[in-house]
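Lettering of chains follows the sequences in order, A, B, ..., and the numbering in each one begins at 1.
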Amino acid sequence: MRQPPLLAHFDPETSVNSGQVFLWEKSGQAWYGIHADRVVKFYRQDGALVFESFPEERQIERSMFRLDDDTDSIFAEIAKDPIVKKLIASYPGLRLMRQDPAQCTISFVCASNTNIPMIRRMLGTLAKKYGQRIVADGKEFHTFPSVQALHKASEGELRACGLGYRAKAIKAAVGAMADGSLDIEYLKKAGYDEARAELLKVYGIGPKIADCILLFSLEKLDAFPIDVWIARALASHYGWLAGKKMSEKLTGHQYIEASKAARTYFGKYAGYAQQFLYYHMRQDAGKKW
DNA sequence: ATGCAGGGACGAT
DNA sequence: ATCGTCCCTGCA
């Protein structure tokens, strides 16, 4: 039985498990996620996908899972690279997601120098403390905190959520969004270079985190974030970053050069290629998230 | 038990 | 342009 066209390159379970979003969990047969001020849910029924949201927002999945993207041309573009071409076949259904910019920014500021289970814990604690309680299907959830709610919190209170030194950076990020110096709508319209430069002005946002925010929430599909896993992929599969040991972190200069090279090589959808590489490296290492 | 790594970024040399 | 440091937790 053939999948309808919409589902040919779309499996939300793979997508929410690919390290780009943090606040998703499976309960029974359904997956539940926190998307800004809503709880979102999906499950399969007789082979078809069903989406729900609380409170209800019609077709929220179209935006969230980028279902309007022309995946034929996107995949054709990044499949010019033979390795990525194979990964597209290996992981059918993996898609980039479109995150809420504020949630995405706060999430990735929390991501510096830590691991995914820790990020999940930090964000979960923030949600419980500053988000709104929502009961869906008899289960309790907490929405992602608003910028205003976090803006009112002190650095000390944020630290108490297990953020460590990141509390100062969260203060800076929500402050910039609250006072308008970091203007999300402007950043969406701006080009990659300009939006990136604006993000880098915020304390706690460096090159890597900026690229994540640009790719996952600001429509910059050419952004190519390089974390330790992507650095390993570039070194082992592409022969880039020559001479760098696997255990070493990238220097600022190395990041700039490698990211520029990758953006040129993979093209205007480089970020999509990055997601396949990232997912593959993690799968290969047997990571359970 | 001490060390180290885990989706980095900052500040001082 | 490099290098130590930053909170925190799990694991060797």
Side-chain angles (χ1 to χ4, degrees), chain A residues 15-24 94 96-97 99 103-126 129 153-173 175-176 182 196-217 220 223-236 241 243-260 262 270-289:
Chain A
S15 305
V16 301
N17 265 322
S18 64
Q20 50 182 326
V21 288
F22 301 104
L23 294 177
W24 284 79
L94 174 60
L96 270 183
M97 294 176 67
Q99 301 184 34
Q103 177 171 352
C104 186
T105 300
I106 291 158
S107 298
F108 282 95
V109 166
C110 286
S112 85
N113 194 26
T114 187
N115 51 44
I116 291 178
M118 272 301 115
I119 301 167
R120 291 170 55 86
R121 175 184 304 204
M122 289 185 262
L123 298 178
T125 305
L126 284 178
K129 195 162 173 182
S154 71
E155 185 181 331
E157 289 167 341
L158 295 174
R159 243 172 201 277
C161 295
L163 299 185
Y165 59 84
R166 299 169 195 80
K168 183 177 173 187
I170 295 297
K171 277 295 286 178
L182 191 65
R196 176 178 179 278
E198 288 302 311
L199 286 169
L200 291 180
K201 290 179 184 172
V202 181
Y203 176 86
I205 299 181
K208 191 271 174 181
I209 289 174
D211 276 333
C212 288
I213 298 168
L214 291 165
L215 174 62
F216 297 131
S217 75
K220 309 298 183 268
F224 192 89
I226 302 176
D227 68 340
V228 293
W229 297 95
I230 291 296
R232 288 170 194 163
L234 296 182
S236 58
L241 300 165
K244 193 191 73 64
K245 277 180 287 187
M246 296 287 265
S247 56
E248 292 175 338
K249 297 179 178 181
L250 292 185
T251 67
H253 182 256
Q254 283 176 319
Y255 187 99
I256 303 294
E257 290 307 309
S259 183
K260 198 185 301 173
Y272 242 109
Q274 184 268 0
Q275 198 60 27
F276 278 94
L277 288 169
Y278 180 75
Y279 187 67
H280 175 62
M281 294 303 286
R282 302 269 309 185
Q283 288 289 118
D284 224 32
K287 282 288 182 181
K288 291 281 293 177
W289 320 102

Have a look at [X] and say if it touches a base, only the backbone sugar-phosphate, or nothing, with a 4.0 Å heavy-atom cut-off.
{"X": "A:P207", "result": "sugar-phosphate"}
{"X": "A:V109", "result": "nothing"}
{"X": "A:I226", "result": "nothing"}
{"X": "A:Q274", "result": "base"}

Closest approach of A:C104 and A:F216, non-hydrogen atoms and distance?
SG-CB, 3.7 Å
Taking only the side-chain heavy atoms of A:K208 (C-beta and beyond), determine which of B:dG6, B:dG8, C:dT2 contains the nearest atom.
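Among the listed nucleotides, the one closest to the side chain of A:K208 is B:dG8.
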Distance between the [atom1] atoms of [N] and [M], in whole angstroms?
{"N": "C:dT9", "M": "B:dC10", "atom1": "C1'", "result": "22 Å"}
{"N": "B:dG6", "M": "C:dT2", "atom1": "C1'", "result": "22 Å"}
{"N": "B:dG3", "M": "C:dT5", "atom1": "P", "result": "13 Å"}

Would you check if [X] and [Y] make a side-chain contact, meaning some heavy-atom pair closer than 4.5 Å?
{"X": "A:R282", "Y": "A:N17", "result": "no"}
{"X": "A:K208", "Y": "A:S112", "result": "no"}
{"X": "A:F276", "Y": "A:H280", "result": "no"}
{"X": "A:I170", "Y": "A:M122", "result": "no"}
{"X": "A:Q99", "Y": "A:F22", "result": "no"}

Could you run through nucleotides 5-12 of chain C and give me one letter per nucleotide, 5' to 3': B if any protein heavy atom sits under 4.0 Å from the base, S if only the sugar-phosphate is that close, - if neither?
-BB-SS--
Take atom [atom1] of [X] and atom [atom2] of [N], then tell me their distance rounded to the nearest Å.
{"X": "A:W229", "N": "B:dA5", "atom1": "CH2", "atom2": "P", "value": "13 Å"}
{"X": "A:M281", "N": "B:dG6", "atom1": "CE", "atom2": "P", "value": "12 Å"}
{"X": "A:I256", "N": "B:dG8", "atom1": "CD1", "atom2": "C1'", "value": "13 Å"}
{"X": "A:R120", "N": "B:dG6", "atom1": "CZ", "atom2": "C1'", "value": "15 Å"}
{"X": "A:Y255", "N": "B:dC10", "atom1": "OH", "atom2": "P", "value": "13 Å"}
{"X": "A:I116", "N": "B:dG6", "atom1": "CD1", "atom2": "P", "value": "12 Å"}
{"X": "A:E257", "N": "C:dA1", "atom1": "CD", "atom2": "P", "value": "10 Å"}
{"X": "A:I119", "N": "B:dA9", "atom1": "CD1", "atom2": "P", "value": "12 Å"}

Between A:G204 and A:D227, which is nearer to the 5' end of DNA chain B once each is assigned its nearest nucleotide?
A:D227
By nearest heavy atom, map A:F108 and A:V202 onto DNA chain B; which one lands nearer the 5' end?
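Counting from the 5' end, the first nearest nucleotide belongs to A:F108.
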Full working for side-chain contact (heavy atoms from CB on, under 4.5 Å) between A:D211 and A:Y255:
CA-CA 11 Å; A:D211 276 333; A:Y255 187 99; 2.7 Å; yes
When rounded to the nearest 0.5 Å, the distance separating CD1 of A:I106 from CG of A:L158 is 9.5 Å
With a 3.5 Å distance limit and no angle check, can you tell me whether A:Y203 reaches the backbone of A:K168 through a side-chain donor-acceptor pair?
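No.
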What are the atom names and distances for every N/O pair under 3.5 Å that joins the protein to nucleotides 11-13 of chain B?
none

Hunt down the Watson-Crick or G-U wobble partner of C:dA1, both distances under 3.5 Å, from any strand shown, or write none.
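The answer is B:dT13, by the H-bond criterion.
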Run the side-chain contact (heavy atoms from CB on, under 4.5 Å) test on A:I205 and A:T105 for me, step by step, so that the C-alpha distance in whole Å, both residues' side-chain angles and the decisive distance to 0.1 Å come before the verdict.
CA-CA 9 Å; A:I205 299 181; A:T105 300; 4.2 Å; yes
